[in-house]
Amino acid sequence: MKEKTHIPTETAAGHLRELQLGYFAEHFGEYAAEAARNQTGHIEYLDALAEGELADRMERRIARRIKGAKIPVMRSIAAFDWSYPAKINRQQVEMLMRLDFMKDCTNVVFIGPCGVGKSFLASCLVENACRSGISAMFTQAVDVANDLLAAQTANRLSHAMRKYMSPALLCIDELGYLPLGKDGCNLLFQVFSKRYEQKSTIITTNKPFKDWGEIFNDDSTAASAIVDRIIHHCEVVKIEGVSYRLKDKLTK
């Protein structure tokens, strides 16, 4: 019978890290001590470590997805002030947070004036998707247009377009706040068209659908085509009120 040898803790930890079992490497000593105190069996000891390893990897995957989503400011739906907007359908928004709308590639459009929480709620949806194992991306409409215009000039449009087609959930923020130009509008139209009935898109805008011609270079035909694709399968969240950022000044 082979004589048992003592393996130094540092050596065991090194082996575990080499196997990319970071949680095991960091915690196996304390788990072993606890198992000895509680007279826990080897299988239970290993299972507890494996559970910790899986949870740790899941958290790291979530962190990578959230970082890749490029959410500008992390917010929590629990922090949203439902009492401030003059009008908002809270039940509708809370149902959207369940992400069931994505099963049918339904879109979500938040419509309202500046400062009423459109981007706040959209970013919460994107973060929730990331935490649910769904690929997501948050970007502004003008950035999409500029990125695709630059890609078109550099003859890499198809590659750049894939960036906006890949996420299962794409949020295009602040549509209508800045002019996009004719070429930019045409490229953004392609994004909406390619995602139509394929993947869900979130849009935040300060303009009602009837005014979208102003967004798309006064081209009512293009605007109608885009609106038609977006609202065919869509949850429209209308928010009314004045800017939350001005509330303190307005009460003085």
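Hydrogens, waters and symmetry mates play no part in the numbers below; they use all other heavy atoms, side chains included.
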Flag side-chain contact, heavy atom, 4.5 Å: S123 against F138: yes

Residue list, salt bridge (charged side-chain N to carboxylate O under 4.0 Å, His left out) with K70, at least two apart or on another chain: none

Joint cluster assignment, V144 & I71, ILVMFWY side-chain distance < 4.5 Å: no

Backbone N/O of D219 and side chain of N217: donor-acceptor pair under 3.5 Å: no

Taking every non-hydrogen atom, the tightest pair across E235 and L96: CG-CD2, 3.8 Å

Minimum heavy-atom distance P85-V116, with the two atoms named: CG-O, 4.0 Å

Donor-acceptor contact below 3.5 Å, side chain R65 vs main chain A136: no

I88 with I202, same ILVMFWY side-chain cluster at under 4.5 Å: yes

Student check: side-chain heavy atoms of L187 and L157 closer than 4.5 Å: yes

Ring centre gap for F80 and F120 strictly below 6.0 Å: yes

Nearest atoms (heavy-atom pairs only) where N89 meets Q92: OD1-N, 3.0 Å

Pair T106, D104: side-chain N/O donor-acceptor within cut-off below 3.5 Å: no

Contact check, side chains of K87 and K238, non-hydrogen atoms, under 4.5 Å: no

Atom NZ of K207 with >12 non-hydrogen neighbours under 6.0 angstrom: yes

Backbone N/O of C105 and side chain of K199: donor-acceptor pair under 3.5 Å: no

V191 side chain near K194 side chain, heavy-atom distance below 4.5 Å: no

Minimum-distance pair of heavy atoms, taken over all atoms of A69 and C130: CB-SG, 3.8 Å

Same apolar cluster: F110 and I203, side chain cutoff 4.5 Å: no

Test item: T205 side-chain N/O and G176 main-chain N/O as donor-acceptor pair under 3.5 Å: no

Heavy-atom donor-acceptor pair, S132 side chain to N128 backbone, under 3.5 Å: yes

Which atom of C124 lies closest to which atom of M97, heavy atoms considered: CB-CE, 3.7 Å

Separation of R195 CZ from I230 CD1 (nearest 0.5 Å): 11.0 Å

Residues that D100 engages under salt bridge (charged side-chain N to carboxylate O under 4.0 Å, His left out), provided they are two or more places apart: R98, K103

Set of residues satisfying side-chain contact (heavy atoms from CB on, under 4.5 Å) with respect to E94, sequence neighbours excluded: W82, R90

Charged N-O contact under 4.0 Å between D173 and K118: no

CZ-CE distance between R156 and M161, expressed to the nearest 0.5 angstrom: 12.0 Å

side-chain contact (heavy atoms from CB on, under 4.5 Å) against A145, all qualifying residues, sequence neighbours excluded: L180

Validation row: V93, L125 side chains within 4.5 angstrom (heavy atoms): no

Check: E197 and R229 side chains under 4.5 Å, non-hydrogen atoms: no

Y196 and N107 side chains, donor-acceptor separation under 3.5 Å: no

Distance (rounded to the nearest 0.5 Å) between N155 CG and Q152 CD: 9.0 Å

Matching residue for I215 among N206, L175, L178 - test: side-chain contact (heavy atoms from CB on, under 4.5 Å): L175

Gap between atom CG of L121 and atom CD1 of I77 - 0.5 Å precision: 5.0 Å

Distance-minimising heavy-atom pair for S243 and Y84: O-OH, 3.2 Å

Main-chain N/O of E59 paired with R64 side-chain donor or acceptor, under 3.5 Å: no

Partners meeting side-chain contact (heavy atoms from CB on, under 4.5 Å) with I231 (sequence neighbours left out): F209, V227, C234

Pairwise distance CG(L169) to CE(M102) - rounded to 0.5 angstrom: 4.5 Å

Distance in Å, T139 OG1 paired with D143 CG, rounded so as to fall on 0.5 Å steps: 5.0 Å

For D228, side-chain contact (heavy atoms from CB on, under 4.5 Å) partners two or more places apart: none

Shared hydrophobic cluster, L170 / I111 (ILVMFWY, side-chain heavy atoms < 4.5 Å): yes

Minimum side-chain heavy-atom gap I226-F216 below 4.5 Å: yes

Hphob cluster co-occupancy, F189 + V142, side-chain heavy atoms under 4.5 angstrom: yes

Beyond-backbone contact of R75 with E127, side-chain heavy atoms, under 4.5 angstrom: no

